[in-house]
> 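Before we start, here is the structure in question, set down as structure tokens.
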Amino acid sequence: MTSLTQTSQWQHLQSLAQSLDGQHMRDWFKQDTNRAARYNAKACGIELDYSKNLINDEILKALFSLAQARQVSTKRDAMFAGDIINHTEGRAVLHTALRNFSGSPVMVDGQDVMPEVLATQDKIQRFVKQIHSGEHKGYTGKAIKHIVSIGIGGSFLGPKIMFEALKPYWHQGIKLHFVANVDGCHIQDVLANLDHEDTLIVMSSKSFTTQETLQNTLTAKAWFLNAGGSQQDIAKHFICVSSNIKAAVDFGMDENNIFPMWDWVGGRYSLWSAIGLPIALGLGYENYRQLLEGAFAMDQHFNEAPPEQNLPMLMALLGVWYANFFAAQSHVLLPYYHYLRGFPAYVQQLDMESNGKSVAGDAEQVNYATGPVIWGSEGTNGQHSFHQLIHQGQVLIPADFMLPLHVPNQDDTHHAMLASNCFGQTQALMQGKTYEEAYAELEGKGLSEQKRHSLASHKTMPGNKPSNTLLFQQLDPKTLGSLVALYEHKVFVQGAIWGVNSFDQWGVELGKVLGNNILAKLTDSSAALDFDASTNALISRFREANPN
Ligand SMILES: O=P(O)(O)OC[C@H]1O[C@H](O)[C@H](O)[C@@H](O)[C@@H]1O
């Protein structure tokens, strides 16, 4: 395949980007009263207003043709069909099978995976019922009231953030707690307030080798035993989710308490597997199923909608447009909904772990930007801090604003203020404020000409800053499922265009290995230090402070 930057589609986009010099979105809105209606797409309860972007019909057409040249739809079909597209790990990529309600088989290595998927969903449903009905009791006969979910990365962010986002749908009587970090402060704080007799620990680790999760589970086990539980009571209080059944059994997990998952589910795509069990426990099975159904609806939309209506395709191409033709190095996510405040952190793993790569195809070192830095937090809070940089800084930061149009049981005054701020920010970013407007506002303030000029210069806002606005009728489980799948597919399309493998994470793996090597030197103070001088010195400082 021709190197991406040498393709005619890429070069055409480069010249289109240059042709925008001196143009302003503000003028485009004045010239074309239909712009907002034209650059709008809806699917699965999500409405995307992408009119406040640096695009016109010709640019969109050129972006679609780049997607076509990079065979995005062929690659998409290969993913859904269970081909081994994660070629560096030799695995299929089938999180979509976990929410496949079509009734059709999904084949991996000639075998339909759907019977196992459905059997695991049944097991989750039965277990949730047993906990909620009080049929599954702790060892002293108390019903389970607290669930502690232990996991990290994809085995943490999905369950935690989706559960948090669906607060209006929480099952009464069950409280969920999440522990990820190996920093002992976290698990100590969580366990300190719990009664071991009515607590269930859900350990989630696809690989069953992750240091943080293994250690936190051992700490929870010691807590349980110290509090009065015995070894044979553990089965009533500890369950796990893993694809490594053998390691889980060796660790002491009761085989009946293991919820399986498979190597064709990537960690950051795993909330649809049994890794989502804490969500089901926290929301009830029907709500959890709605989440999966929403994702399935987005899968169908992604597969079937034409590019100009296809939400993942549009959002992905807009991201490529800014990253590769305007040198935008980051992308900010701004949910105007308190319960969705964790979403930027969720997409951070999804996007940055997937597309933070430098090699395309077999072994081609890329010479173009790949995955951007993803960041953000809930609105309106950011307006009073980092939005300044987005408005007037020297870097281009495309933004995704998100707002539910309706929030159950919310004070209307608050909601209208929230919405007005959200819309006001997108407007300010787009239109900015001209020097002439700022200068005119300073009339009659008794300023010298020089002061008035100086202040007007500082108050000028360039505008022309791109943003998407995503509106939801209401952020119910189904819409949230669609929203997550939208970002998954956006990341997929971008990875397909850049030619990277979006499904491995060798950088993260290296960190794990080096961390374990160092741990051996920290725990054995007599071990010779044979790393680089800086690392050796850091280890020595730690040993001095913690003599054993
Ligand atoms: O579920 P586990 O095997 O414990 O893995 C937890 C996390 O570990 C790694 O750091 C990976 O980069 C993540 O993608 C994964 O979600």
Side-chain angles (χ1 to χ4, degrees), residues 41-46 67 71-86 91-126 128 158 162 243 259-266 268-277 279-280 283-307 309-316 350 472 476-493 495-496 502-503:
K42 298 184 189 71
C44 313
I46 301 171
Q71 301 176 332
V72 171
S73 36
T74 310
K75 292 176 183 170
R76 175 199 62 201
D77 294 348
M79 173 173 74
F80 277 87
D83 291 3
I84 308 294
I85 63 167
N86 175 357
R91 291 176 182 167
V93 174
L94 275 178
H95 43 284
T96 51
L98 300 164
R99 60 221 191 187
N100 166 28
F101 293 105
S102 70
S104 311
V106 178
M107 310 302 280
V108 176
D109 288 337
Q111 219 186 331
D112 182 12
V113 298
M114 287 314 296
E116 270 188 289
V117 169
L118 297 176
T120 306
Q121 284 173 356
D122 281 349
K123 183 169 167 147
I124 294 174
Q125 185 170 16
R126 279 196 307 276
V128 170
M162 301 319 140
S243 67
F259 291 75
M261 59 187 292
W262 306 275
D263 72 354
W264 42 260
V265 190
R268 52 197 172 274
Y269 300 87
S270 65
L271 83 99
W272 319 105
S273 72
I275 293 287
L277 175 63
I279 310 178
L283 300 179
Y285 190 78
E286 191 38 45
N287 282 324
Y288 169 71
R289 190 185 153 96
Q290 287 292 313
L291 190 75
L292 267 53
E293 292 214 6
F296 177 58
M298 184 55 73
D299 293 344
Q300 288 173 305
H301 167 77
F302 179 46
N303 277 323
E304 292 160 13
Q309 283 301 316
N310 197 306
L311 301 186
M313 188 71 103
L314 287 166
M315 287 176 61
L350 172 65
F472 328 112
D476 53 22
K478 192 165 180 188
T479 311
L480 180 64
S482 299
L483 179 70
V484 176
L486 163 57
Y487 277 88
E488 286 178 350
H489 295 321
K490 172 197 165 182
V491 167
F492 174 82
V493 171
S502 303
F503 302 101

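Owing to the predicted nature of the structure, the values given are computational and were not obtained by experimental measurement.
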> Atom OG1 in Thr120, atom CD in Glu116: separation rounded to 0.5 Å?
6.5 Å

> I'd like to check the salt bridge (charged side-chain N to carboxylate O under 4.0 Å, His left out) partners of Arg268; sequence neighbours left out, ordered by chain and number.
Glu353

> Are the side chains of Met298 and Glu293 in contact, using a 4.5 Å heavy-atom criterion?
no

> side-chain contact (heavy atoms from CB on, under 4.5 Å) for Val93 and Trp264? Distances and angles first, verdict last.
CA-CA 5 Å; Val93 174; Trp264 42 260; over 6 Å; no

> Quick one: pull up CZ in Phe296 and CG in Leu291 and give me the separation to the nearest 0.5 Å.
14.5 Å

> With a 3.5 Å distance limit and no angle check, can you tell me whether Lys490 reaches the backbone of Pro312 through a side-chain donor-acceptor pair?
no

> Using atom types as modelled and distance alone, determine if a side-chain donor or acceptor of Asp112 lies under 3.5 Å from a backbone N or O of Val106.
yes

> May I ask you to decide if Trp262's main-chain N or O and Ser243's side chain share a donor-acceptor pair within less than 3.5 Å?
no

> Considering residues, nucleotides and ligands other than Asp109, do more than 12 of their heavy atoms fall under 6.0 Å from its CG?
no

> Less than 3.5 Å apart, any donor N or O on the side chain of Asp476 or Thr479 sitting next to an acceptor on the other?
yes

> So, does Asn86 use its side chain to make a donor-acceptor pair with the main chain of Ala92 at under 3.5 Å?
no

> Does the side-chain contact (heavy atoms from CB on, under 4.5 Å) test come out yes or no for Arg289 and Lys478, once each step is laid out?
CA-CA 8 Å; Arg289 190 185 153 96; Lys478 192 165 180 188; over 6 Å; no

> How long is the straight-line distance from OG1 of Thr96 back to CG of Leu94, given to the nearest 0.5 Å?
5.0 Å

> I need the Met261 CE to Ser270 OG distance, nearest 0.5 Å.
4.5 Å

> Restricting to non-hydrogen atoms, name the atom on Gly284 and the atom on Val128 that form the minimum distance, rounded to 0.1 Å.
CA-CG1, 4.4 Å

> Check the orientation of Phe503 and Tyr269. Use parallel for under 30°, tilted for 30 to 60°, and perpendicular for over 60°.
tilted

> Between Glu488 and His95, which heavy-atom pair has the shortest distance, and what is it?
OE1-CD2, 3.4 Å

> What is the minimum heavy-atom distance between Ala274 and Ile124, and which atoms define it?
CA-CD1, 3.8 Å

> Do the side chains of Met162 and Tyr288 get nearer than 4.5 Å, heavy atoms only?
no

> Can you tell me how far the CH2 atom of Trp272 sits from the CZ atom of Arg99, to the nearest 0.5 Å?
5.0 Å

> Rounded to the nearest 0.5 Å, what separates atom OG in Ser104 from atom CE in Met114?
9.0 Å

> Over 60° means perpendicular and under 30° means parallel, so tell me whether Phe302 and Phe492 are parallel, tilted or perpendicular.
perpendicular

> Give a yes or no on whether the backbone of Leu311 and the side-chain of His301 come within a donor-acceptor separation of less than 3.5 Å.
yes

> Phe101 vs Leu292, test: side-chain contact (heavy atoms from CB on, under 4.5 Å). Steps then yes/no.
CA-CA 9 Å; Phe101 293 105; Leu292 267 53; 3.8 Å; yes

> Let me see the working for Leu486 and Met315 under side-chain contact (heavy atoms from CB on, under 4.5 Å), right down to the final yes or no.
CA-CA 9 Å; Leu486 163 57; Met315 287 176 61; 3.9 Å; yes

> Identify the two heavy atoms, one from Met313 and one from Ala67, that lie closest to each other, and give their separation to 0.1 Å.
SD-CB, 4.3 Å

> Check for a donor-acceptor pair, side chain of Asn303 on one end and backbone N or O of Asp299 on the other, with a separation under 3.5 Å.
yes

> For Ser102 versus Asn100, what's the shortest heavy-atom pair and its separation?
OG-OD1, 2.6 Å

> Got a donor-acceptor contact below 3.5 angstrom from the Gln121 side chain to the Leu98 backbone?
yes

> Write down the atom of Gly495, the atom of Ser502, and the distance for their closest heavy-atom approach.
CA-OG, 3.4 Å

> Should we say atom CD of Gln300 is surrounded by more than 12 heavy atoms from elsewhere, each under 6.0 Å from it?
yes

> If we ignore hydrogens and angles and just use 3.5 Å, is the side chain of Asp83 paired with the main-chain N or O of Ile85 as donor and acceptor?
no

